[in-house]
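Report on the following structure.
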Number of protein chains: 2
Amino acid sequence: MHKPVPSNSLKAACSTCNLRKLCLPVNLSNIEMARLDALITRKGVYRHGSILYRSGDKFQALYAIRTGFFKTQILNEDGREQVTGFQMAGEIIGMDGISNDVHTCDAVALEDSEVCEIPFSRLEDLGRELPPLQRHLHRILSREIVRDQNIMLLLGSMRAEERLAAFLINLSQRFAVRGYSPTSFQLRMTRQEIGSYLGLKLETVSRALSQLQESKLITVRNRSLEILCLSGLQACMGKRTR
Amino acid sequence: MHKPVPSNSLKAACSTCNLRKLCLPVNLSNIEMARLDALITRKGVYRHGSILYRSGDKFQALYAIRTGFFKTQILNEDGREQVTGFQMAGEIIGMDGISNDVHTCDAVALEDSEVCEIPFSRLEDLGRELPPLQRHLHRILSREIVRDQNIMLLLGSMRAEERLAAFLINLSQRFAVRGYSPTSFQLRMTRQEIGSYLGLKLETVSRALSQLQESKLITVRNRSLEILCLSGLQACMGKRTR
DNA sequence: CGCTTTATTGATCCTCATCAAGGCGGGTGG
DNA sequence: CCACCCGCCTTGATGAGGATCAATAAAGCG
């Protein structure tokens, strides 16, 4: 679709943004932090629809999202896709590639986004010198495992409306951490993509959103979403048939 | 339920078993391997039904399964469980705990099992000295991420019979790697547990198994399972409604 | 040997997928 | 600037797959 726009500055890209706080809340001295910064380069801007990496690409680096929004998806043999996650500024993607040095999913920009590249073998090298950095990498990897297992819980045991509620609460919390409104935000993805992520069809997503609106828990119009009653959403997420 | 039986020998437990080959196919010298072995202690025998760790327990170590079979499960607030995985000899569990130093799931023995304990901070220490070990740890963590994402694909887009087929194929491959028959084995878990793992009810699991048997792809009687036609199972797994 | 747990199978119901039609909106070209 | 088009979304009607409820059988265990 679009080509990434190369960045002019290729070094020390991340020390001035909120990236460090979000991705790397590590106790490091200034000198140590500078060494970490030296690893990280701006990879450039990815326009809406462009691809950061594809399944099958050789794995060489993790990517930190500086600004913007991505989705990751697996394509199965029959050509259908499963969205495995939505990633926003301050999150790290590409960890699937470590296991076999090959990426196992696609990462696609859902809006114009800036990305920093962290060469993985150099990160490992530095991790050996800086224990807090090493520890932090392990936490990030583990956090991804926990996240995925919670989605398994969602997919395995929740009904459509509960899944939507859980999804919106999760988005809300992540926006809040980044200083954005937790109650009013834009959805960056289509109903189809939400559906793929939640194991539902787009019509079901649309209906569930309408129903949450009917219940006065949210208002939704196209991609604009407002949460009217967070506790109501949480209750909705928790409710089971029995 | 049952208490773990303490082991007499608490050191150098793993150098003589097939654990190293399966968990730790790392290029290390004998001396280096000895240092790794020195970390690892036999934690003992866990009887069928006993708990290796529970959600909320402080995280301190990874566990390598020497022999036996475990399940891991998340308990959600309403008390219902989602099985997140089945682990067999040579696999590592406990990685969910790294992110916040607290385990987020329960690990329960599905048969009498022997477990080795790998204190995590000491493993990190040693990883800093032995790059191949560090790299291997990262691969293990990443492999868990990839595994979980494939389950998301299964839960999000497959129908009951396909899920069962995928599950059986996966078990078959893992038994094969361990030198057991890939076509004839015992299921170590109940229909209920399979169902929880696959996002289905136990009756649906039972029916799907009966149907696979009807199609001459497997024979199943209680926990004994035989795969009659692997390629047929694979075809079954791949088929979609459209 | 009797009790409890686990598994199978049938009948019915409900949720969500599917199919279909129409509306809204944003972008493009005349 | 407007008309048109295409992608995205909503809503309705219908049907299928799996959940639920129920009864029975079989197996494991004390």
Side-chain angles (χ1 to χ4, degrees), chain A residues 1-2 47-49 71 78 80 82-83 108 110-112 154-165 167 186-214 218-225 236 239-242, chain B residues 1-2 47-50 71 78 80-83 108 110-112 154-165 167 186-214 218-225 236 239-242:
Chain A
M1 213 171 263
H2 298 283
R47 297 223 176 280
H48 177 269
K71 68 171 174 181
D78 352 28
R80 291 210 304 180
Q82 168 77 26
V83 172
V108 183
L110 294 182
E111 62 180 38
D112 295 357
L154 177 147
L155 291 171
S157 75
M158 292 188 184
R159 328 234 269 80
E161 209 172 310
E162 304 172 73
R163 295 184 199 191
L164 249 300
F167 172 67
Q186 293 288 119
L187 299 171
R188 305 311 209 300
M189 66 297 281
T190 66
R191 303 289 190 264
Q192 147 76 38
E193 287 162 338
I194 297 173
S196 172
Y197 181 61
L198 299 178
L200 302 169
K201 293 296 162 184
L202 68 93
E203 296 95 328
T204 306
V205 172
S206 180
R207 273 186 251 268
L209 285 173
S210 298
Q211 205 157 349
L212 289 175
Q213 183 165 242
E214 192 66 28
I218 64 173
T219 50
V220 56
R221 177 169 175 74
N222 301 317
R223 305 279 179 102
S224 308
L225 197 131
C236 171
K239 77 163 176 262
R240 287 293 125 68
T241 32
R242 70 182 42 246
Chain B
M1 210 169 273
H2 299 283
R47 297 223 176 279
H48 176 271
S50 64
K71 69 172 176 181
D78 351 30
R80 291 211 304 178
E81 72 185 33
Q82 168 77 26
V83 172
V108 183
L110 294 182
E111 62 181 37
D112 294 358
L154 178 147
L155 291 171
S157 74
M158 292 187 184
R159 330 232 267 78
E161 209 171 308
E162 304 173 72
R163 294 184 199 190
L164 249 301
F167 172 67
Q186 292 289 120
L187 299 171
R188 304 305 175 26
M189 66 297 281
T190 66
R191 303 289 190 263
Q192 148 75 36
E193 287 161 338
I194 297 172
S196 172
Y197 181 60
L198 299 178
L200 302 169
K201 292 296 163 183
L202 67 95
E203 296 95 329
T204 306
V205 172
S206 181
R207 272 186 252 269
L209 285 173
S210 298
Q211 206 158 350
L212 289 175
Q213 182 165 242
E214 192 67 28
I218 64 172
T219 50
V220 57
R221 176 168 175 77
N222 300 317
R223 306 279 179 101
S224 309
L225 196 131
C236 171
K239 74 164 179 263
R240 287 291 126 68
T241 32
R242 67 183 44 245

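All chains are named by letter (A, B, ...) in the order of the sequence lines, taking the proteins before the strands, and each is independently numbered beginning at 1.
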Taking DNA chain C as the partner, which of residues 203-213 of chain B come within under 4.0 angstrom of it by heavy atom?
Glu203(B), Ser206(B), Arg207(B), Ser210(B)
Side-chain touch Val83(B)/Met189(B), heavy atoms, less than 4.5 angstrom
no
Do the non-hydrogen side-chain atoms of Met158(B) and Gln82(A) ever get within less than 4.5 Å of each other?
no
With sequence neighbours left out, the residues meeting side chain to side chain donor-acceptor pair (under 3.5 Å) with Ser224(A) are Gln186(A)
From CG (Leu209(A)) to CZ (Phe167(A)), nearest 0.5 Å:
9.0 Å
Quickly work out the Arg159(A) CZ to dA17(C) C1' distance and round it to whole Å.
15 Å
Take atom NE2 of His48(A) and atom C1' of dG7(D), then tell me their distance rounded to the nearest Å.
12 Å
Less than 4.5 Å apart, side chain to side chain, heavy atoms only: is that true for Arg163(A) and Leu155(A)?
yes
Distance check needed: dG18(D) P versus Met158(A) CE, whole Å only.
21 Å
Rounding to 10 degrees, work out the angle separating the end axes of the helix from dC1(C)-dG30(D) to dG30(C)-dC1(D) (five pairs an end).
40°
Using a cut-off of strictly less than 4.0 Å between a heavy atom of the residue and any atom of DNA chain D, enumerate the qualifying residues of residues 186-196 of chain B by number.
none
Polar atoms only, N or O, under 3.5 Å: list the protein pairs with nucleotides 22-27 of chain C and their distances.
residue : atom : partner   : partner atom : Å
dG25(C) : OP1  : Arg221(A) : NH2          : 2.2

Could you tell me whether the side chain of Ser206(B) and the main chain of Arg191(B) form a donor-acceptor pair under 3.5 Å?
no
Integer-rounded Å distance: dT10(D) P and Glu214(A) CD:
14 Å
CD on Glu214(B) to CZ on Arg207(B), rounded to 0.5 Å:
14.0 Å
To the nearest Å, how far apart are Leu225(A) CG and dC9(D) P?
13 Å
For the residue pair Glu161(B) and Gln211(B), establish whether any side-chain heavy-atom pair is separated by less than 4.5 Å.
yes
Atom pair CD1 (Ile194(A)) and NZ (Lys71(A)), whose distance is rounded to the nearest 0.5 Å:
11.5 Å
Quickly work out the Glu161(B) CD to dG18(D) P distance and round it to whole Å.
9 Å
Rounded to whole angstroms, how far apart are CG on Leu202(A) and P on dT10(D)?
9 Å
Provide the closest heavy-atom pair for Leu212(A) versus Cys236(A) in the form atom of the first, atom of the second, distance.
CD2-SG, 4.1 Å
Give me the one residue out of His48(A), Glu111(A), Glu193(A) that meets side chain to side chain contact (heavy atoms under 4.5 Å, CB included) with Arg188(A).
Glu111(A)
Please report, rounded to the nearest Å, how far the P atom of dC29(D) is from the CD atom of Glu111(B).
12 Å
Atom pairs and distances, donor-acceptor, side-chain atoms in residues 197-205 of chain A, under 3.5 Å, two or more places apart:
none

